[in-house]
Amino acid sequence: MNSEKTKTLSFSGLLNELIQSLEDKSYDRLTLDNYRRTLRKIEPYMDENGIEAYTPEVGWH
């Protein structure tokens with residue numbers, strides 16, 4: 001995925017792109033489900049804190 005595209009995707013769009021990329025690399029279903037379940041927690045945090053776009057700094061909080 002190019003960096004310009006990542007700047008315009010919502011967090012859920014980024015998550016879907018990540019999962020698709022991992023799926024393409026033959027990650028197993030259990031691993032994909034664990035990533036999905038864990039990373040979905042970021043979006044509610046962003047909403048609660050008024051964060052509109054995901055940046056690496058968001059992941060450090």
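- Legend: residues meeting side-chain hydrogen bond (donor to acceptor under 3.5 Å, both in side chains) with Thr55, ordered by chain and number and at least two apart, are Glu57.
- For the atom pair OH (Tyr35) and CG (Leu18), the distance works out to 8.0 Å, reported to the nearest 0.5 Å.
- Distance alone, capped at 3.5 Å, is enough to place a donor-acceptor pair between the Thr38 side chain and the Asn34 backbone.
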side-chain contact (heavy atoms from CB on, under 4.5 Å) between Ile51 and Phe11, worked out: CA-CA 11 Å; Ile51 301 169; Phe11 181 78; over 6 Å; no

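- A side-chain N or O of Asp24 and one of Gln20 form a donor-acceptor pair less than 3.5 Å apart.
- Leu22 has its side chain out of reach of Thr31: every pair of non-hydrogen atoms, C-beta onward, lies at least 4.5 Å apart.
- With sequence neighbours left out, Asn49 forms a side-chain hydrogen bond (donor to acceptor under 3.5 Å, both in side chains) with no residue at all.
- Two residues are said to be in side-chain contact when any heavy atoms from C-beta on lie closer than 4.5 Å; Tyr27 and Ile19 fail this criterion.
- From Glu43, atom CD reaches atom OG of Ser10 across 6.5 Å, with rounding to the nearest 0.5 Å.
- The shortest side-chain heavy-atom distance between Met46 and Glu52 does not fall under the 4.5 Å cut-off.
- Separating the CZ atom in Arg36 from the CZ atom in Arg29 is a distance of 6.0 Å, to the nearest 0.5 Å.
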